[in-house]
Visitor: 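If you scroll down you'll find the structure; I have some questions about it.
If you're wondering where the values come from, they're calculated on a predicted model, not measured in any experiment. Hydrogens, waters and symmetry mates are skipped; everything else that's a heavy atom, side chains included, is used.
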Amino acid sequence: MQGGAPTHLNHQRVYVPLELFHRTYHSLLRSSGEIQISALVEPYLAFHPILHPHAGAPHPDLDAWTYTSLRLPRCIDQVRLILLGQSDEVFARSGRGDVTSWQPVSAPGRRRKMFFDGDATLAVLIASPSDLDDLIPMLVAFQIEWNKLHNRLSNLPAIRELLATLKDETLTPEQQAALLAAAELAPEAIARLQTIWGEYLPTRLLRIARWRKRFAVRMLGGSLMDYERATLRWWWHIEDSLPELRLRERPVYFVSSNTHSLVNLLSGFALRNTAELLAFIRERGLSNLLEEYERIVAAQVPSSRENFFYYVQKKYQADPASAAYFERRAREERELGIHRVASRFYIDIDAQVIELRRLDPARIDPRIEMPGIERLRDSDALIVNIDYPLGLAAYNILKIVARSVGELRGVYVLGKAATLNGKIGDVLIPNVCYDEHTRNTFHFVSAFSAIDVEPYLAYGSVLDNQKAVTSLGTFLQNEPFLEALYRDFFTDIEMEAGPYLNAIYECAFELRYPTGEIVSFLKPPFDFGFLHYASDTPYSRGSNLGSRNLSYFGMDPTYATSLAIARRIVSQEITRLQHRT
């Protein structure tokens, strides 16, 4: 059954342990009280998550430490209780007051609105059940690894003596050195922890030695209506911010990608300010970037000059001296009809609304130019570009956008994926998708093929006609699961395509999306396609884009796929305008 669902996933060894863990925490979270994370450790260990291969071993699993530390806020050390809700109103109804007045906190590896009360409680705004599938396993993994290290540190006499003499968490350099020495961690382990925790390492080790971690979680709200209400209010905020654009009357191309690549391509601002960007890297002594630029100019590497300046511009944004530069960029974007709308108290997803008629063909990235582009001045269409959501939030977002705009002309999704047959930096283009949430298998003709991406990809390969699986979560995978997928030629593992396809189904048919069916879009309601770039190779643990020094391995597929989307939209709109004329 090569064209349908993965036939091997029904095997008991593959799916039952995963499903047992998944059902356990979803059923426990229906309780109105606190749920102890320790209750989930046993079913978690039973399914052997591939991101946590040494979960049951006595020694620390540094891969799991790295993954969870980058996706949880730093205050997690002090947190005992995690409150989960869909909006600030849900927290207020439960008697927690205005959690948005608490300290906002964030994690470098995950976009999610979180607020810390300064004591031991963390409030987390969740957009869909996929946030639970992402967050709960991470809390289990973090607690397991914390307590492993606690057991080691708390049993060492030198550590107990140090804890007895300290009155607070202030450590002298001598005490920091003594703590690291007493921890008896291998030099490579200390270097790894130093990379992810930085100067915070001694303080965190001190806290780990002092306290055993006992997380508890409590779900507030959690109904389907709570999730849809939060998404609807997120969309109302966009409409209210841009009333002059009349979103309810205009044709719209919907893009799920990021908040930088499409805007950079359509404004071309960085390409008109290369002198200032080069001056920045010279003044800051960024010799590796200067050397890379010289190699690009000399045609010694296949990297793109345009992508190089987009990358430098992103680095420049973190520099205090760049304020005037980005004020100019904001003014130019407004002149070009590029509007940015930051998220507020609901879903942590920023949006951009772009007026095609106001774009200047002379300013856009030259790789987008094509015959007839001057016709865009007669267009009434908009691009709605959102920072890609997580999992099931994609379904709610596209459903609300589709029913709220004048006409949906296209849906284009750019996102990261794990690949079972490619390498990091490759681009995967599926035309089959199996959705784990609904057990539906979708067949479709993609708006994209390899020829749309290959001219702009310098380092990787483009693999089209792939079969994708929308996974429940990154932690909810084990080795038998991946083996079963690969035996059925499913090689592209991601988290959003299935939910988006379920929403597209409801745009095409008179029924709610089905479950457990094979769906073929013989007559799609509009143009759509998915572009995934490989950021992980699960069979090579620890190998991902974050392990590379120079970010061209991320920039290269990101801009190659963004160019394919931008060119598709411009081409589709030119054709529409020609027919209308």
Side-chain angles (χ1 to χ4, degrees), residues 100 104-106 108 111 113 234 237-247 255 257-286 289-290 292-293 304-369 376-377 382-388 414 551 554-555 558-559 562-563 565-566 569:
T100 60
V105 292
S106 62
R111 283 183 290 108
K113 287 192 180 296
W234 165 84
H237 171 58
I238 295 172
E239 287 186 327
D240 293 344
S241 300
L242 303 168
E244 72 280 6
L245 296 188
R246 308 186 322 278
L247 282 156
V255 181
S257 60
N258 53 55
T259 57
H260 58 87
S261 59
L262 198 61
V263 169
N264 283 341
L265 293 171
L266 295 176
S267 72
F269 184 78
L271 307 183
R272 294 189 299 280
N273 292 273
T274 57
E276 184 170 347
L277 295 174
L278 287 172
F280 159 68
I281 60 177
R282 290 191 180 102
E283 290 168 6
R284 295 297 179 268
L286 302 175
L289 288 177
L290 279 174
E292 179 72 8
Y293 180 68
S304 158
R305 174 184 175 275
E306 292 86 357
N307 294 359
F308 173 83
F309 284 113
Y310 298 145
Y311 176 73
V312 173
Q313 179 177 256
K314 192 172 182 181
K315 277 195 157 315
Y316 191 28
Q317 195 159 10
D319 193 294
S322 68
Y325 175 96
F326 286 98
E327 286 174 8
R328 292 200 318 275
R329 187 184 75 164
R331 287 195 300 271
E332 277 205 27
E333 285 181 354
R334 288 192 292 271
E335 291 171 10
L336 295 170
I338 298 173
H339 310 273
R340 296 176 182 263
V341 183
S343 64
R344 294 184 64 193
F345 305 133
Y346 303 103
I347 306 173
D348 192 13
I349 295 174
D350 293 345
Q352 297 154 343
V353 181
I354 302 166
E355 301 176 70
L356 286 174
R357 69 165 56 136
R358 294 177 61 184
L359 295 178
D360 185 351
R363 300 193 210 182
I364 63 175
D365 189 297
R367 294 170 290 183
I368 300 176
E369 293 178 5
L376 292 184
R377 64 176 178 267
L382 305 170
I383 299 173
V384 173
N385 178 52
I386 67 167
D387 212 352
Y388 68 93
L414 185 165
S551 292
M555 293 287 286
T558 297
Y559 277 94
S562 297
L563 276 162
I565 290 173
I569 291 173

Visitor: What are the two closest heavy atoms between V341 and S241, and how far apart are they?
Guide: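 In terms of heavy atoms, the two residues are closest at CG1-OG, 3.9 Å.
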
Visitor: Shortest non-hydrogen contact from W234 to I347?
Guide: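 That would be CD1-O, 3.7 Å.
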
Visitor: Supply the atom-to-atom distance I383 CD1 to L356 CG, rounded to the nearest 0.5 angstrom.
Guide: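 Atom-to-atom, I383:CD1 and L356:CG are 4.5 Å apart.
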
Visitor: Check step by step if side-chain contact (heavy atoms from CB on, under 4.5 Å) holds for I354 and L382.
Guide: CA-CA 5 Å; I354 302 166; L382 305 170; over 6 Å; no

Visitor: List the atom of E306, the atom of P366, and the distance in Å for their closest heavy-atom pair.
Guide: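 Closest approach of E306 to P366: OE2-CG, 3.9 Å.
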
Visitor: Determine whether S267 and I338 make a side-chain contact, defined as any pair of heavy atoms from C-beta on separated by less than 4.5 Å.
Guide: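 Counting from C-beta outward, S267 and I338 do come under 4.5 Å.
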
Visitor: Holding to salt bridge (charged side-chain N to carboxylate O under 4.0 Å, His left out), I want the full list of residues that pass it with D360, two or more places apart in sequence or in another chain.
Guide: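 Residues passing salt bridge (charged side-chain N to carboxylate O under 4.0 Å, His left out) with D360: R363.
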
Visitor: Between T259 and Q352, is there a side-chain heavy-atom distance shorter than 4.5 Å?
Guide: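 The answer is yes, as the side chains (C-beta and beyond) meet within the 4.5 Å cut-off.
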
Visitor: Roughly how far apart are L266 CG and E333 CD, rounded to 0.5 Å?
Guide: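 These two atoms lie 10.0 Å from each other.
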
Visitor: Would a 4.5 Å heavy-atom cut-off, applied to side chains only, mark I386 and V384 as touching?
Guide: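 In contact.
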
Visitor: Go through the structure and list residues passing side chain to side chain donor-acceptor pair (under 3.5 Å) with Y388, not counting sequence neighbours.
Guide: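 Result, side chain to side chain donor-acceptor pair (under 3.5 Å) vs Y388: none returned.
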
Visitor: Please report the C-alpha distance between D348 and K113 in whole Å, then the side-chain angles of each, then the deciding distance to 0.1 Å, and finally whether the salt bridge (Lys or Arg N to Asp or Glu O under 4.0 Å) criterion is met.
Guide: CA-CA 6 Å; D348 192 13; K113 287 192 180 296; 3.8 Å; yes

Visitor: Determine, step by step, whether D387 and R111 satisfy the salt bridge (Lys or Arg N to Asp or Glu O under 4.0 Å) criterion, reporting the C-alpha distance in whole Å, the side-chain angles of both residues, the deciding distance to 0.1 Å, and the verdict.
Guide: CA-CA 10 Å; D387 212 352; R111 283 183 290 108; 3.3 Å; yes

Visitor: Measure the CG-OG distance between N307 and S261 for me, rounded to the nearest 0.5 Å.
Guide: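 Reported to 0.5 Å precision, the distance equals 10.0 Å.
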
Visitor: What's the spacing between N264 CG and Y559 OH if we round to 0.5 Å?
Guide: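 With rounding to 0.5 Å, CG (N264) is 3.5 Å from OH (Y559).
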
Visitor: Are the side chains of L336 and R358 in touch, meaning some heavy atoms are under 4.5 Å apart?
Guide: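 L336 vs R358: side chains apart.
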
Visitor: Do T274 and Y293 come close enough that some side-chain heavy atom pair is under 4.5 Å?
Guide: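 Answer no - side chains too far apart.
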
Visitor: Could you go through the side-chain contact (heavy atoms from CB on, under 4.5 Å) check for L247 and V353 one step at a time?
Guide: CA-CA 9 Å; L247 282 156; V353 181; 4.3 Å; yes

Visitor: Taking all non-hydrogen atoms of both residues, which atom of P243 and which atom of D240 are closest, and how far apart?
Guide: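 Scanning both residues completely, I find the closest heavy atoms to be CD-O, 3.3 Å.
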
Visitor: If you look only at distance, which donor and acceptor atoms sit under 3.5 Å apart when one is on a side chain in residues 277-286 and the other is two or more places apart or in another chain?
Guide:
unit_1 : atom_1 : unit_2 : atom_2 : d
R284   : NE     : D319   : OD2    : 2.7
R284   : NH2    : D319   : OD1    : 3.1
R284   : NH2    : D319   : OD2    : 3.0

Visitor: Tell me the salt bridge (Lys or Arg N to Asp or Glu O under 4.0 Å) pairs involving residues 272-281, sequence neighbours left out?
Guide: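 Sorted pair list: R272-E332, E276-R328.
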
Visitor: About how many Å separate OH of Y316 and CG of N273, when rounded to the nearest 0.5 Å?
Guide: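 Reported to 0.5 Å precision, the distance equals 9.0 Å.
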
Visitor: Please name all residues satisfying ring pair (Phe, Tyr, Trp, His ring centres under 6.0 Å) with F269, sequence neighbours left out, ordered by chain then number.
Guide: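 Applying ring pair (Phe, Tyr, Trp, His ring centres under 6.0 Å) to F269 gives Y325.
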
Visitor: Going through the checks in order, is the side-chain contact (heavy atoms from CB on, under 4.5 Å) test met by L245 and E355?
Guide: CA-CA 8 Å; L245 296 188; E355 301 176 70; 3.4 Å; yes

Visitor: Write down the atom of A342, the atom of D350, and the distance for their closest heavy-atom approach.
Guide: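 What the structure gives for the nearest pair is CA-OD1, 3.5 Å.
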
Visitor: For R357, which residues count as a salt bridge (charged side-chain N to carboxylate O under 4.0 Å, His left out) partner, sequence neighbours excluded?
Guide: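 For R357 there are no salt bridge (charged side-chain N to carboxylate O under 4.0 Å, His left out) partners, ignoring immediate neighbours.
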
Visitor: State, without any angle test, whether R367 and S304 hold a side-chain donor-acceptor pair at a distance under 3.5 Å.
Guide: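 Distance-only check passes for R367 and S304.
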
Visitor: Roughly how far, to the nearest 0.5 Å, is the CG atom of N385 from the NE2 atom of H260?
Guide: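 With rounding to 0.5 Å, NE2 (H260) is 10.0 Å from CG (N385).
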
Visitor: I'd like to know whether Q317 forms a side-chain contact (heavy atoms from CB on, under 4.5 Å) with R329, so could you lay out the CA-CA distance, the side-chain angles of the two residues, the decisive distance to 0.1 Å, and finally the verdict.
Guide: CA-CA 11 Å; Q317 195 159 10; R329 187 184 75 164; 3.9 Å; yes

